[in-house]
Amino acid sequence: MRDDVPNNTPPKYLLAAETAEGAVITLGSADSWEELLDLLAGQPENDGVPPMAYRLIRTAETEAAVKKKPRREYFANFRGAGGAGREDDGTESAPWWGLDHAAANLAARRFDDLPPLAVREWIRIRHKEPFTPGALERRKRIKEAVAEYVFLAMTAALVIPIVAILAYLVVKAWPALSFSFIFQNSEDSQAGGIWAPLVGTFFLVWISLIISAPIGVLAGVYLNEYARDNWFTRLINLAVVNLAGVPSIVHALFGVGAFVLAAGMGQSLLAASCTVAIMTLPVIIASTREALAAVPMAFREACWNLGATRWQTIRTLVLPNSISGILTGVILQVSRAAGETAPILFTGAALFTSFPYHLDQPFMALSMHLYAICTQLQGVSDSVQYGTAVVLIGLVLAVNGLSIGLRVYLRSRKKW
Amino acid sequence: MVNPIPPPELDLQTPRDGGPGGSVSSHVAFRNLTVRYGTKTALDGVNLEIPRQSIFAVIGPANSGKTTLLKCINRTIDFISSARVSGEILVDGGDVYRQWNVYELRRRVGMVFPLPVGLPMSVYNNVAYAPRRAGLHNRRELDALVESCLRRAMLWDEVQDRLDLLGTRLSGGQQQRLTLARALSLRPDILCLDEFSIAIDPVTTMRIEDILRELKSRMTIVLVTNLVQQARRLADYTAFFSAGRLVEVGPTEKLFTRPEQQLTERYINGDYG
Amino acid sequence: MTDGWRLFKRAAEWLIEAVVRLCGWSAILFIFAIFFFIFHKTWPLFAEGFDLREFLTSARWQPTSTVHPCYGILALLVGTLAVTGLAMALAVPLGLGAAVYLSEFAGGKTKEILKIVIELLATVPSVVWGFIGYMVLGPIIIAVTGAPVGVNLLNGGIILALMSVPVIVSVGEDALKAVPDSYREAALALGASRWEIVYRVLFPAAKSGLLAAVLLGVGRAIGETMAVLMATGHAAQIPHSLLDPICTLTATIAAELGEAPRDGTHYRVLFLIGVVLFVITFIVNLTADLVVKGIRTEKE
Ligand SMILES: Nc1ncnc2c1ncn2[C@@H]1O[C@H](COP(=O)(O)OP(=O)(O)OP(=O)(O)O)[C@@H](O)[C@H]1O
Ligand SMILES: [Mg+2]
């Protein structure tokens, strides 16, 4: 304190601390900006709870009042020390490292385009714990969490009702589900007993598989291994894409026109199987291509370098290493074929026939049976209907689960 | 190490068809070979003769077309759809695009590319793959063949107890040696090595180099390398390529001690490239 | 190995390659065959001077009327569009949201399980969905809205939405996955949050893939037969509210082909509807395919 300054006049500069409770405590006073910064730098490094912020204040000669808002806000890590040489600018993302660092930077006024504090102005230096999120990051994080929950809710809005519905189906079907329900035939299809349609579906799936698997797999081999990138290949790809997109009922019309009538098969197991086969072809083609494409090109080139022909390479290297992926696709086809109704509606499925099935005779299928007992026949008990639906879903899911299981298993024993 | 017997000085840039000009007909010959990838010219009017039973090194800075040259010999360049080849490539005097059945050609030309590729099958099957495709099924013969190839590739000691290990599970250097063993499995007449040693440790590389000197009596070895010293150690003849052109070719000793072209001198001294 | 054996193997290989080629070309053959056989059945209609304009613009669908049969498919078209539109309005936001969640937020086990669940959903047969609409959702709709019938536009829309979601989710997720990680990393390095990455980086980069996902969903919905047949009430009228029963192109064929006398006008008109459906889905799929191609060429 200088003697010539009267004791009752307030000092020109004040250093104050803000505590966590919100109080502002004056720590000391100074006559000049430089002295104030020295005071700041001299504050003990607080290992316990540091103050929330320091205030560098310039007051009027006569009154201590200051403006409400600080002129600038800076950030510093109060617990840090030895920030000399660091290039921090006192922002939240690059806080000064320790109070002396802060003081040095403020003295150099390297980052401050402002003139020194005017009367009644002040600067706040806030504590910034290192490696903790700043305000911007906190806001971002909240946004991110909100976004995550919104998207999660959307996903849940899809998955939960469907799972609930499936559970509901099972509950309603429970009374009907029994060994005899599945493995016996009923005389009049009223009392349950779905063995005949189950067997029909089995035949349908296998016959269509026998037709579509070889064609589909070889077509996939052609597209991935032989086809060059030219207009013709693009045309084939286009055809495959569209074949996949043709509505199932249009496939049914095609089946009627081509197999039932033109080929003279009549409404029969064979005609229905052919129709379903063509319908599931694109699934097999696509998954075969995917499986083949997963075999790295370098392997093929290594074989070609050794004088192996294209087909030798495919047979000895490409197919053995992709067979499982191909199988996955074929199984997927099975599950799809088992559930289809529209394409067999007019090509061979019947409301009621009896064993044994013949290739050239109509047959019963589980999907058709469900459609029939639900909308065509009167007086079938609810539980039988639900039971049939549950068995159909169970069948399809089981087959599909098999394919997923296969895929997971194979991924676990990848060869490269 | 310097070759004890200096190779004969031959003019390797003008055609020698075993006619009156020279007594030795070359094993591989390029006549005015030009290769373009789309609009980019990778090889430009190359005339080169590769003598029989020699180690022939090809050196040059990156992108000078060395790999492209090898791909022409066994026609793997065909797999690159943008590549256009003109000129003649003769193997044993036969044009690879006319007289040769391409599969037969590839069996006669062993090829090792820089990226190690272990096929996803056992080590044994990796080596036995090509002989089987070519019709060798006798188990005893196969066993002997696999062993000799793996020994030559300096891999036998490491894998002899684990021949059923997947080829893709070997280490990078091991896979590269496996690639070499595969290339040897058909007892090729011509062995093309493209930077075969980049993934192999120096000691093993030295041993393989010794083997290559041995193999020279049985096959012609074309060695593409970025290691100038490797070419100097190993090769009888060296060709220097730059930007798709053959700059200079001649006996290795001469090329390294008395290069005719300034570019060559700068490259082997490390000033250029 | 004898020369004969070698020759035999050559020939066998040639034969195999020929078969492979033939199978490869078969897809084109089938597409043409489908178009030919369906179109072939409708041909006599045009010979008879069938009124194509009335077919496309009239809303009167009374094919079984003995006095004056009418074959206007406008109501069916509107029905198809309405139910598809409703389904998409429900499925697209949810489906894309789920795709984003799966590809950007979910991790580890959750992701695996959700993906499997969605994949399994894709295989629930359409007749089961129809059954659900008819037996489960119908009564719920009656109870909630007081509508006289539960099988109507709303019911069909919800069922179709649930059916098309798996396609949208999986194709959408693929599209998001196809955005190179370097984009994400670049954005992360600039301090963007994951949410910002989603809507500033991923949506713009993946927009054509997401569009393709939506289009494939649309194609799926337009072509769906059994579910709409069972869940929409089958009434050939232009709907005025969500609770009106409707009829779609696909459902009409499925419901009436069995009863229509073979080679009668009704029968042929049903095939003509098949042609219309074929053309519509062809266009939708072609567009989706071109959009996907567009992405690919952009990447190169
Ligand atoms: N598949 C390809 N498509 C297009 N251009 C190619 C292809 N392969 C090589 N090139 C081009 O041909 C030129 C010669 O390539 P090449 O691989 O023969 O060089 P190199 O001498 O083997 O180089 P390095 O020493 O780096 O292996 C290069 O400019 C390269 O860009
Ligand atoms: Mg190279």
Side-chain angles (χ1 to χ4, degrees), chain A residues 140-141 143-144 147-148 150-152 154-155 157-159 162 165 168 215 218-219 221-223 226-227 235-236 238-243 245-250 253-254 257-258 262 278 281 285 309 311 335-336 339-342 345-346 367 370-371 374-375 385 389 392-393 396-397 400 404, chain C residues 13 16-17 19-21 23-28 30-31 33-34 37-38 40-41 94 97-98 100-101 105 114 116-117 119-121 123-128 131-132 134-136 162 165 193-195 198 219 222-223 225-226 230 250 253-254 257-258 271 274 277-278 281-282 284-286 289:
Chain A
K140 265 186 195 165
R141 249 190 225 181
K143 254 194 197 169
E144 191 173 324
E148 172 159 7
V150 168
F151 287 122
L152 178 63
M154 286 167 121
T155 315
L158 292 177
V159 173
I162 296 174
I165 289 173
Y168 176 74
I215 299 181
L218 291 185
V221 168
Y222 172 78
L223 285 174
Y226 286 91
L235 195 67
I236 297 178
L238 197 65
V240 174
V241 167
N242 278 294
L243 203 56
V246 169
S248 53
I249 192 70
V250 175
L253 293 179
F254 167 61
I278 289 183
L281 203 56
I285 295 180
T309 63
W311 174 249
S335 84
R336 198 164 162 209
E340 277 304 339
T341 316
L345 213 48
F346 310 113
S367 53
L370 176 63
Y371 172 63
C374 175
T375 63
Q385 297 188 29
L392 182 55
I393 298 175
V396 170
L397 289 195
N400 209 39
I404 292 176
Chain C
E13 196 167 318
I16 289 169
E17 292 196 350
V19 172
V20 169
R21 264 164 219 284
C23 288
W25 301 340
S26 69
I28 295 185
F30 287 132
I31 274 287
I34 290 175
F37 276 105
I38 300 173
H40 172 75
K41 282 270 160 209
L94 291 180
V100 170
Y101 180 74
F105 292 96
L114 277 176
I116 288 179
V117 167
E119 197 173 319
L120 287 177
L121 284 182
T123 56
V124 172
S126 63
V127 65
V128 171
F131 177 79
I132 292 171
Y134 190 81
M135 299 287 285
V136 183
L162 291 177
V165 151
S193 69
R194 274 194 290 175
W195 163 240
V198 168
I222 291 179
T225 310
M226 295 315 285
M230 295 165 80
T250 50
I253 303 176
L257 192 71
F271 272 85
L277 268 174
F278 185 87
T281 48
F282 192 91
V284 170
N285 284 307
L286 195 66
D289 193 56

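All values below come from the heavy atoms of this structure, side chains included, with hydrogens, waters and symmetry mates left out. Chain naming here is simple, since letters A, B, ... match the order of the sequence lines and numbering starts at 1 in each. Keep in mind that this is a model prediction, so the values were computed, not measured.
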Student: Tell me, side chain or backbone of A:L235 under 4.5 Å from chain C's heavy atoms, or both, or neither?
Tutor: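 For A:L235, backbone and side chain are both near chain C.
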
Student: Taking every non-hydrogen pair under 4.5 Å, which of C:G274, C:G97, C:G258, C:A27 racks up the most with chain A?
Tutor: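 Most heavy-atom pairs under 4.5 Å with chain A: C:G97.
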
Student: Testing A:N242, A:V241, A:V240 for side-chain contact (heavy atoms from CB on, under 4.5 Å) with C:I31, which one passes?
Tutor: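 Result for side-chain contact (heavy atoms from CB on, under 4.5 Å) with C:I31: A:N242.
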
Student: Heavy atoms only: give me the nearest C:F131-A:L370 pair and the separation to one decimal.
Tutor: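 So the minimum-distance heavy-atom pair works out to CD1-CD1, 3.8 Å.
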
Student: If you look at every heavy atom in A:G245 and C:T281, which pair is closest and at what distance?
Tutor: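 Residues A:G245 and C:T281, closest heavy atoms: O-CB, 3.8 Å.
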
Student: Any heavy-atom pair between the side chains of A:V396 and C:V124 that's under 4.5 Å?
Tutor: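 No, side chains not in contact.
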
Student: At a heavy-atom separation under 4.5 Å, does C:I16 approach chain A through its side chain, its backbone, both, or neither?
Tutor: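 Just its side chain gets close to chain A.
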
Student: Let me know if A:L281 has heavy atoms under 4.5 Å from chain C in its side chain, its backbone, both or neither.
Tutor: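 Answer is side chain: those atoms of A:L281 sit under 4.5 Å from chain C.
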
Student: Is it the backbone or the side chain of C:L94 that comes under 4.5 Å from a heavy atom of chain A, or both, or neither?
Tutor: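 Both backbone and side chain.
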
Student: At a 4.5 Å cut-off on heavy atoms, which part of A:L253 comes close to chain C: side chain, backbone, both, or neither?
Tutor: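 When you check distances to chain C, atoms from both the backbone and side chain of A:L253 fall under 4.5 Å.
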
Student: Just to verify, what does A:Y226 make a side chain to side chain donor-acceptor pair (under 3.5 Å) with, not counting sequence neighbours?
Tutor: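 Counting only residues at least two positions away or on another chain, A:Y226 forms a side chain to side chain donor-acceptor pair (under 3.5 Å) with C:E17.
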
Student: I need the minimum non-hydrogen distance between C:T225 and A:S248, along with the two atoms involved.
Tutor: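 Scanning both residues, the minimum pair turns out to be OG1-OG, 3.5 Å.
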
Student: Give the minimum heavy-atom separation between A:I236 and C:W25, together with the two atoms involved.
Tutor: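 Taking A:I236 first and C:W25 second, the nearest heavy atoms are CD1-CD1, 3.5 Å.
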
Student: Kindly give the heavy-atom pair with the smallest separation between C:C23 and A:I215, and that separation in Å.
Tutor: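 Closest pair (atom of C:C23, atom of A:I215, distance): CB-O, 3.7 Å.
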
Student: Is A:I278 in contact with chain C via its backbone, its side chain, both, or neither, using a 4.5 Å heavy-atom distance?
Tutor: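 Side chain only.
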
Student: Heavy-atom distance under 4.5 Å to chain C: side chain of A:I404, backbone, both or neither?
Tutor: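 Only the side chain of A:I404 comes within 4.5 Å of chain C.
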
Student: With a 4.5 angstrom heavy-atom cut-off, is it the side chain or the backbone of C:V20 that approaches chain A, or both, or neither?
Tutor: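 Both backbone and side chain.
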
Student: With a 4.5 angstrom heavy-atom cut-off, could you sort out which part of C:I132 is near chain A: side chain, backbone, both or neither?
Tutor: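 The answer is the side chain of C:I132.
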
Student: Contact part of A:I165 toward chain C, heavy-atom cut-off under 4.5 Å: side chain, backbone, both or neither?
Tutor: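 For A:I165, the side chain is the part near chain C, not the backbone.
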
Student: Quick one: what part of C:F271 sits under 4.5 Å from any heavy atom of chain A, side chain, backbone, both or neither?
Tutor: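 Looking at C:F271, backbone and side chain both touch chain A.
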
Student: Evaluate the side-chain proximity of C:M230 to A:Y371: yes if any heavy-atom separation is below 4.5 Å, no if none is.
Tutor: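 Yes - at least one pair of side-chain heavy atoms lies under 4.5 Å apart.
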
Student: Given the options A:A258, A:A389, A:G339, which has more heavy-atom pairs under 4.5 Å with chain C than any of the others?
Tutor: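 Winner by heavy-atom pair count: A:A258.
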
Student: Side chain, backbone, both or neither: which part of C:V128 has an atom under 4.5 Å from a heavy atom of chain A?
Tutor: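 Answer is both: backbone and side chain atoms of C:V128 are under 4.5 Å from chain A.
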
Student: What closest approach, in Å, do C:M135 and A:C374 show between heavy atoms, and which atom pair accounts for it?
Tutor: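 Smallest interatomic distance, heavy atoms only, reads CG-SG, 4.4 Å.
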
Student: When only pairs under 4.5 Å are counted, which of C:V19, C:L114, C:I253, C:T250 shares the most heavy-atom pairs with chain A?
Tutor: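 Result: the option with the highest number of such pairs is C:I253.
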
Student: Return the option, out of A:L238, A:V159, A:T309, A:L152, with the maximum number of heavy-atom pairs under 4.5 Å with chain C.
Tutor: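 When all of A:L238, A:V159, A:T309, A:L152 are compared, A:L152 has the most.
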
Student: Determine the option with the most heavy-atom pairs under 4.5 angstrom with chain A, choosing from C:G223, C:A254, C:G219.
Tutor: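 Greatest number of close heavy-atom pairs with chain A: C:A254.
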
Student: Working to the nearest 0.5 angstrom, can you tell me the gap between A:L243 CG and C:F282 CZ?
Tutor: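 Here the interatomic distance stands at 11.0 Å.
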
Student: Non-hydrogen atoms of chain C under 4.5 Å away: do they reach the side chain of A:V250, the backbone, both or neither?
Tutor: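 Its backbone and side chain both get close to chain C.
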
Student: Determine the option with the most heavy-atom pairs under 4.5 angstrom with chain A, choosing from C:S26, C:S126, C:A33.
Tutor: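 Looking at each of C:S26, C:S126, C:A33 in turn, C:A33 comes out on top.
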
Student: Quick one: CG on C:L121 to CG on A:N400, what's the gap to the nearest 0.5 Å?
Tutor: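 It is 10.5 Å, given to the nearest 0.5 Å.
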
